[in-house]
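Encoded as structure tokens, the structure appears first; notes follow it.
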Amino acid sequence: MTAVTVRMPRTRELSPRWEVFMLRLGAGLVLLGLWEGLVTWLSPSYITRPSGIARVFWEVVSNRSTPLTQLSGSFWFDVQTTLVAVFEGLAIGVTLGVIVGLAMGRLATVEWALKYYVGALFAMPVIAILPLMTLWFGYTSTARLWIVVIGAFLPVALNVYEGVRKLPVTYLEVARTYHARWWNVWFGIALPASLPYLLAGLRLAAGRALVAAVVAEYLLAIKGLGFFIRSDTQSFHQNQAMVAVIMLALIGIAINTTIDAATRHFLPWFRREGR
Amino acid sequence: MTSAAQDVAAAVAETGGARIQIEGLAMQFGELRVFEGIDLEVGRRECVSIVGPSGCGKTTLLRNIDGLLRPAEGVVRINGAPVTSPPKGVAVVFQMFGLFPWKTVFENVAYGLRMAGTSKEQIREKVPYYIELVGLNGFDKAYPYQLSGGMQQRTGLARALAVEPEVLLMDEPFASIDAQTREILQFELLRIWESRPTSMVFVTHSIEEAVLMGDRVVVLHGRPSSVREVIEVGLPRPRSRETLATDRFAEVREHVWSELMQEARQAERELQ
């Protein structure tokens with residue numbers, strides 16, 4: 001018998017994951033370097049750059065940055081204000097979105113009545129109606145709350161609606177065969193079956209809620225990270241403002257990471273469902 | 001003709017009287033007439049297999065019996081009452097299993113019971129029994145995605161059996177399962193059903209399966225289709241793997257096969 005030797009490809013010395021991490025880190029450093037270099041080389045000295053941000057970073061995050069106006073609180077107070085507004089708005093908007101999405105998906109009359117309005121509002125930049133909100137609610141945090149609610153509501157409603165419409169017929173046949181009541185069909189079957197859509201909607205909603213909150217603070221001049229950025233920029237504290245911008249990016253990442261982690265933990269069947 | 005009708009009456013009587021009565025059933029989707037003039041009775045402890053070329057409306061007929069689809073003409077009666085929506089005491093095993101991916105095996109099996117308002121204690125008592133009956137011990141906490149197709153359909157079967165139905169409707173239950181597993185499941189279903197026979201309507205496109213399961217085999221043909229022949233299988237129960245080797249099994253199988261082949265040849269000629 002002849003021995004057959006199979007030559008295995010040499011195992012890589014670095015694991016791919018490690019390589020990917022290094023690649024990412026490298027790309028980030030190059031981008032920061034470019035920013036620093038180009039600004040130093042081409043722009044006036046008051047333009048913000050990474051080294052300038054790094055210099056004020058600890059001062060800002062340890063709350064030692066002096067409030068510029070009475071409206072702007074300390075940094076963490078502003079972070080908290082914005083986060084609370086975003087989560088309140090998300091809670092209300094997502095709940096409403098789920099209910100309206102389910103109703104549109106399950107009831108033809110609701111679908112016909114609302115479909116185009118919800119679609120049109122979704123396509124419109126929600127910020128455009130902020131001035132109207134100020135007419136109703138004044139330059140207050142209530143106006144901000146409602147703009148966040150609308151921002152969160154629309155993508156959730158549309159996505160849940162889409163998910164319910166694509167409900168596999170078999171699920172409904174099973175439900176009818178075993179005499180499920182309407183609330184079981186809505187919340188026990190249609191809702192969990194549309195969770196993939198709901199989660200996609202939730203990611204959109206979180207992004208839109210954050211944008212809505214910050215822009216509302218910016219335009220209405222009410223407490224929060226948006227106003228922090230506005231007042232610091234207007235007084236040429238751009239490095240301080242950039243710390244708040246970085247904070248917003250981190251909040252966005254944190255929300256999406258939390259959604260992913262919660263999905264993996266609580267919905268183990270999700271993502272494999274389509275097999 | 002009279003003697004054939006008498007035979008059927010005798011067969012139905014032998015199996016405890018009619019549970020399902022189908023009279024002049026016709027189905028239509030828009031312009032498309034699927035089947036018409038279907039008359040059929042299924043006894044209380046009888047299994048009737050339905051075979052026919054694909055597209056002949058076997059699955060549609062099953063949905064008419066469960067009241068999931070309203071027929072265009074005719075009536076289906078279960079225990080004498082006309083079916084207009086899914087009646088009590090009827091369970092369906094679906095071709096694509098119809099399991100809820102977000103529920104575990106236990107929760108899926110418990111679904112019918114929960115919808116029927118069965119108490120938690122009773123569910124905790126009954127569900128493990130049916131999980132064991134279909135051979136899924138130890139998998140009650142598994143999700144459908146963790147199971148093979150065969151095990152998913154065992155779950156689907158357990159969910160149907162758990163409500164202790166008077167009528168069991170099987171919609172090509174083993175069609176999307178690999179050949180070896182299908183054979184295992186066929187004999188397990190036989191064992192389970194023969195230990196506690198109910199009215200079973202078994203829709204399949206496999207001739208062997210139809211003959212093995214059924215007390216009678218209904219052959220549908222034509223477009224729109226109608227009952228071409230009802231064949232008495234006449235194989236003793238309990239049936240097992242040995243049944244497949246008997247002369248009678250081969251005889252009935254060939255008979256059903258030639259009925260379906262005539263149909264297929266005719267269709268081919270029409271195409272030419």
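Naming: A, B, ... by sequence-line order, numbering from 1 per chain.
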Subject >> Part of Leu113(B) lying under 4.5 Å from any heavy atom of chain A >> reply: neither
Subject >> Residue part contacting chain B, namely of Leu195(A), when any heavy atom lies under 4.5 Å >> reply: neither
Subject >> Side chain proximity check, Glu173(A) to Val92(B), heavy atoms < 4.5 angstrom >> reply: no
Original post:
Any side-chain heavy atom of Phe94(B) sitting closer than 4.5 Å to one from Val174(A)?
Top reply: yes
Original post:
Just how far is it from atom OH of Tyr171(A) to atom CG of Leu99(B), taken to the nearest 0.5 Å?
Top reply: 8.5 Å
Subject >> From Trp269(A) atom CH2 to Tyr145(B) atom OH, the distance as rounded to the nearest 0.5 Å >> reply: 10.5 Å
**OP:** Inspect the surroundings of CD in Glu132(B) and state if more than 12 heavy atoms from other residues, nucleotides or ligands are less than 6.0 Å away.
**Re:** no
Original post:
Who wins among Phe97(B), Tyr143(B), Phe100(B) for the most heavy-atom pairs under 4.5 Å with chain A?
Top reply: Phe100(B)
Original post:
Is the backbone of Met115(B) close enough, under 3.5 Å, to the side chain of His179(A) for a donor and an acceptor to pair up by distance?
Top reply: no
Subject >> Exam field: side chain Arg176(A) to backbone Pro86(B), donor-acceptor pair closer than 3.5 Å >> reply: no
Original post:
Hey, what do you get for OH (Tyr111(B)) to CD1 (Ile189(A)), rounding to the nearest 0.5 Å?
Top reply: 3.5 Å
Original post:
Around atom CH2 of Trp186(A), are there more than 12 heavy atoms of other residues, nucleotides or ligands at under 6.0 Å?
Top reply: yes
Original post:
Is Arg159(B) close to Tyr178(A) at the side-chain level, that is, under 4.5 Å between some pair of heavy atoms?
Top reply: yes
**OP:** May I ask you to check whether over 12 heavy atoms, not counting those of Tyr129(B), lie within 6.0 Å of atom OH?
**Re:** no
Subject >> Thr177(A) vs Val90(B), side chain to side chain contact (heavy atoms under 4.5 Å, CB included): CA-CA, chis, key distance, verdict >> reply: CA-CA 7 Å; Thr177(A) 296; Val90(B) 178; 5.5 Å; no
Subject >> Neighbour count >12 (heavy atoms, 6.0 Å) for atom CZ, Arg191(B) >> reply: yes
Subject >> Residue pair Gly98(B) / Thr170(A): nearest heavy atoms and the distance that separates them >> reply: CA-CG2, 3.5 Å
